[in-house]
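Notes follow the structure.
Treat the numbers as computed from the prediction; the structure is a model and nothing was measured.
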Amino acid sequence: MTKKLYFDDPLATEFTAEVTETRTLADGRFGVILPATFFYPTSGGQEYDTGTIGLAHVVDVFADADEIVHVLDREIAVGTYPAKIDWERRFRHTQHHTGQHIFSAAFVAAFGAATLSSHISGEAPSTIDFDVNTLSADDIARVEQFANQAVFENRAVTTYDVDDAESVPFRRPPKVSGRIRVVEVDGFDYSACGGTHCLHTGMVGLLKIVRTERINHKIRIHFVAGWQALEFLQQVQRISQTVAAELDTGVEGLS
């Protein structure tokens, strides 16, 4: 069984990797097993970490029963190697996953709308599907303000395990039984989750809904957080300034 060190320290980026097993995967790729790892495997809607183990690049990470398989771009032998997490990718996922919890709680508070599913990405906008029929521009502005208020308040985000699900006021009942990992946004949200999260909501930076779409009887929002939110707003600014210059006006004249 692989020990999941990222549960204890989601901000760690470097560690000593002990490769105890190598294997050729069904698709022909090369994988290694560690007794303990900081590399996050794809799970719970959050994508895998990348990085390096020795001179090899980690190109995929996934769970196989109780083991975590690290897929490498080259073969290495059993042994001990310096390992490093791609922090930019990890932090973007961490900002978005914490942002997803905040948005999900905000939708419950604002509209009583439950989260149906989510997908976390640091390269493209993340998505959340809600059990709601309509979402107006005013609704979007309202929930964005509510969510970002929680971000700016810099609330503590803590994780811990419980054996009794009924002892925690979960926003959404856990899908698993037994020992449950709780992610708590102080005074705002309680979720059963195995992802990586910021230590305080302020680390999320900013939350912005960039698009919505209706899919059958649910609404899907596409949102950006943190670094990706900054990049999105910079792009909007560049486009706005270009259009304004062509119309011989200021950006404020485009409204």
Side-chain angles (χ1 to χ4, degrees), residues 40 42-48 60 62 88-152 170-175 183 185 188-198 201 203-244 251 254-255:
Y40 184 84
T42 297
S43 61
Q46 181 176 331
E47 296 180 356
Y48 60 89
D60 192 4
F62 64 89
E88 181 179 354
R89 177 179 170 88
R90 160 69 74 79
F91 189 48
R92 284 170 178 261
H93 290 167
T94 298
Q95 287 181 315
H96 275 243
H97 207 150
T98 307
Q100 178 260 304
H101 284 216
I102 294 171
F103 261 137
S104 290
F107 267 81
V108 170
F111 314 116
T115 293
L116 302 176
S117 62
S118 63
H119 175 72
I120 305 303
S121 174
E123 288 72 41
S126 296
T127 63
I128 313 174
D129 292 347
F130 290 103
D131 183 16
V132 62
N133 291 320
T134 61
L135 196 63
S136 68
D138 287 342
D139 290 336
I140 292 173
R142 176 184 172 193
V143 77
E144 282 182 336
Q145 183 171 350
F146 193 93
N148 281 290
Q149 180 68 35
V151 172
F152 301 153
F170 286 112
R171 165 174 42 84
R172 183 181 184 184
K175 295 181 180 180
V183 176
V185 179
F188 193 80
D189 186 56
Y190 295 82
S191 297
C193 182
T196 61
H197 291 276
C198 300
T201 59
M203 294 174 67
V204 174
L206 180 72
L207 291 170
K208 183 76 181 77
I209 297 173
V210 298
R211 184 164 72 93
T212 65
E213 59 180 322
R214 183 178 177 82
I215 302 177
N216 297 324
H217 299 291
K218 61 186 179 183
I219 294 292
R220 172 172 296 171
I221 69 165
H222 299 248
F223 75 93
V224 289
W227 282 114
Q228 194 181 108
L230 175 61
E231 292 163 356
F232 171 79
L233 293 174
Q234 288 173 332
Q235 181 183 37
V236 169
Q237 182 182 32
R238 285 194 297 268
I239 294 172
S240 299
Q241 289 176 331
T242 298
V243 173
V251 172
L254 297 178
S255 59

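- Taking each heavy atom of Gln228 and Phe223 in turn, the nearest pair found is OE1-O, 4.3 Å.
- Between Val224 and His96, the closest heavy-atom pair is CA-CE1, 3.7 Å.
- Rounded to the nearest 0.5 angstrom, Gln237 CD and Gln234 CD are separated by 7.5 Å.
- Lys218 contributes atom NZ, which lies 9.5 Å from atom CD of Glu213 (distance to the nearest 0.5 angstrom).
- With Thr94 contributing its side chain and His197 its backbone, the two residues share no donor-acceptor pair below 3.5 Å.
- Using modelled atom types, one side-chain atom of Asn148 and one backbone atom of Leu207 make a donor-acceptor pair closer than 3.5 Å.
- Heavy-atom neighbours of Glu231 CD from other residues, nucleotides or ligands within 6.0 Å: above the threshold of 12.
- Of all non-hydrogen atoms in Arg171 and Ser191, the two that sit nearest each other are NH2-OG, 2.6 Å.
- Taking the side chain as every heavy atom from C-beta outward, Ser104 and Ile128 approach each other to under 4.5 Å.
- The nearest pair of heavy atoms linking Val108 to Ala113 is CG2-O, 3.5 Å.
- No side-chain heavy atom of Pro125 sits under 4.5 Å from any side-chain heavy atom of Arg211.
- A donor-acceptor pair under 3.5 Å is absent between the side-chain atoms of Thr98 and the main chain of Val204, judged by distance alone.
- The two residues Tyr40 and Gly194 come nearest to each other via the heavy atoms CE1-O, 3.3 Å.
- Proximity of Val143 to Ile221: side-chain heavy atoms (C-beta onward) are nowhere separated by under 4.5 Å.
- Taking OG1 of Thr212 as the start and CD1 of Ile140 as the end, the distance is 4.5 Å to the nearest 0.5 Å.
- Across Ala105 and Phe188, no two heavy atoms sit closer than the pair CB-CE2, 3.5 Å.
- Ser126 places no side-chain N or O within donor-acceptor distance of the main-chain N or O of Ile120, the cut-off being under 3.5 Å.
- Using a 4.5 Å heavy-atom threshold, the side chains of Leu135 and Phe111 count as touching.
- At least one donor-acceptor pair under 3.5 Å links the side chain of Arg142 to the backbone N or O of Ala110.
- Considering only heavy atoms from C-beta on, Arg214 comes within 4.5 Å of Asn133 through its side chain.
- The side-chain heavy atoms of Tyr48 and Arg89, taken from C-beta on, include a pair separated by under 4.5 Å.
- With contacts defined as side-chain heavy-atom distances shorter than 4.5 Å, the pair Val132/Asp139 does not qualify.
- Counting heavy atoms from C-beta outward, Lys208 and Glu144 have side chains that approach closer than 4.5 Å.
- If you take NE2 on His101 and CZ on Arg172, they are separated by 10.0 Å, rounding to the nearest 0.5 Å.
- Under a 4.0 Å N-O distance rule, the pair Arg92/Glu123 does not qualify as a salt bridge.
- The line from CG of Asp60 to CZ of Phe62 is 6.5 Å long, rounded to the nearest 0.5 Å.
- With hydrogens and angles ignored, the 3.5 Å screen pairs no side-chain donor or acceptor of Gln95 with any backbone N or O of Cys198.
- Rounding to the nearest 0.5 Å places CD1 of Ile209 at 11.0 Å from NE2 of His222.
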